[in-house]
Amino acid sequence: MRALPVRLDAVLVQAVIAAALSFAHLHDLASAAGQHGWKAWAYPVSVDLLLVAAWRRLRSGGTKAAGWCWFLVALTASLGANVSTAGLLDLHAVPAWLRILVAGWPAVAFLGGTLLAHDSPEPEEASVVEETTVSPPSAPELSVAEPEAAPPSTPSVPPALVAHARKVADDHHARTGTAIDTPTLRARLGVPMPLAEAIASQLT
């Protein structure tokens, strides 16, 4: 079997590179703030997961306020780590306030992820629940037979129009030797087909 060619998307490659760099910066900052070993690796994972959860809330079509709030919180944490590890902060002498922020981040990430995952149901789900619980069963509707359409009435024909049509019919018979048919009569008189049929019925 032939292997399918792999198509590299430039945007996807750029996203992977940016995510890897941000991941490394968060790890370095957490390690410098006293979170060593596996804990230093858990910090970037928690930030990325909070970003993904907030982005899914924004794309879901539900309440967007919570999604934007936690998206900005996670984005601030990621950008803060990127800026801090860019040479503006001495990682060998991390200030106490930054150690406090890093130590308190797991609680913030847990709160945001919990609120995003267990918030109010989506509008469609809520409408289904409301419809099934609040709406009482409706009584069966009685079918009402529609009144039968009245047969179309034969249009009345003025006597003068009948006389004119008779002259047209006689002229046609004199020229062709055959009786005039209804479509030809309608075309010669310039009247609708129902009226032409009513006139033809009075000519016979």
Side-chain angles (χ1 to χ4, degrees), residues 1-139 141:
M1 297 177 61
R2 296 179 57 187
L4 295 178
V6 178
R7 297 181 59 186
L8 295 180
D9 189 348
V11 177
L12 180 60
V13 173
Q14 178 68 20
V16 171
I17 295 174
L21 292 175
S22 179
F23 194 93
H25 292 160
L26 285 166
H27 169 269
D28 295 344
L29 182 63
S31 179
Q35 307 297 326
H36 304 292
W38 66 268
K39 292 183 290 185
W41 293 105
Y43 273 85
V45 173
S46 67
V47 173
D48 291 343
L49 288 179
L50 186 59
L51 277 171
V52 172
W55 181 247
R56 289 187 61 185
R57 169 55 60 89
L58 294 176
R59 295 292 300 273
S60 65
T63 305
K64 297 184 182 298
W68 277 115
C69 175
W70 291 108
F71 183 82
L72 292 177
V73 169
L75 186 61
T76 301
S78 180
L79 290 176
N82 296 338
V83 174
S84 299
T85 56
L88 301 179
L89 179 67
D90 185 4
L91 297 181
H92 299 287
V94 177
W97 63 266
L98 184 56
R99 292 178 179 270
I100 294 174
L101 288 179
V102 172
W105 171 256
V108 175
F110 176 78
L111 176 63
T114 302
L115 293 178
L116 290 173
H118 301 286
D119 203 353
S120 59
E122 301 298 329
E124 294 182 358
E125 297 179 358
S127 62
V128 172
V129 173
E130 182 179 359
E131 182 179 355
T132 55
T133 57
V134 177
S135 301
S138 58
E141 298 182 357

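Residues Val47 and Tyr43 form no side-chain contact, since every pair of their non-hydrogen atoms from C-beta on lies 4.5 Å or further apart.
Evaluation of the side-chain contact (heavy atoms from CB on, under 4.5 Å) rule for Leu79 yields Leu75, Asn82 as partners, not counting sequence neighbours. Residues passing the side-chain contact (heavy atoms from CB on, under 4.5 Å) test with Ala109 are Ser46, Trp105, sequence neighbours excluded. Residues satisfying the side-chain contact (heavy atoms from CB on, under 4.5 Å) test with Leu111, not counting sequence neighbours, are Trp70, Leu115. Partners of Trp97 according to the side-chain contact (heavy atoms from CB on, under 4.5 Å) rule, which considers only residues two or more places apart in sequence or in another chain, are Pro95, Leu101.
The closest donor-acceptor contact from the side chain of Thr76 to the backbone of Leu72 lies under 3.5 Å.
For the residue pair Gly113 and Leu50, the shortest heavy atom distance occurs at N-CD1, 3.7 Å. Scanning all heavy atoms of the two residues, the minimum distance from Ala33 to Arg99 falls at O-NH1, 3.3 Å.
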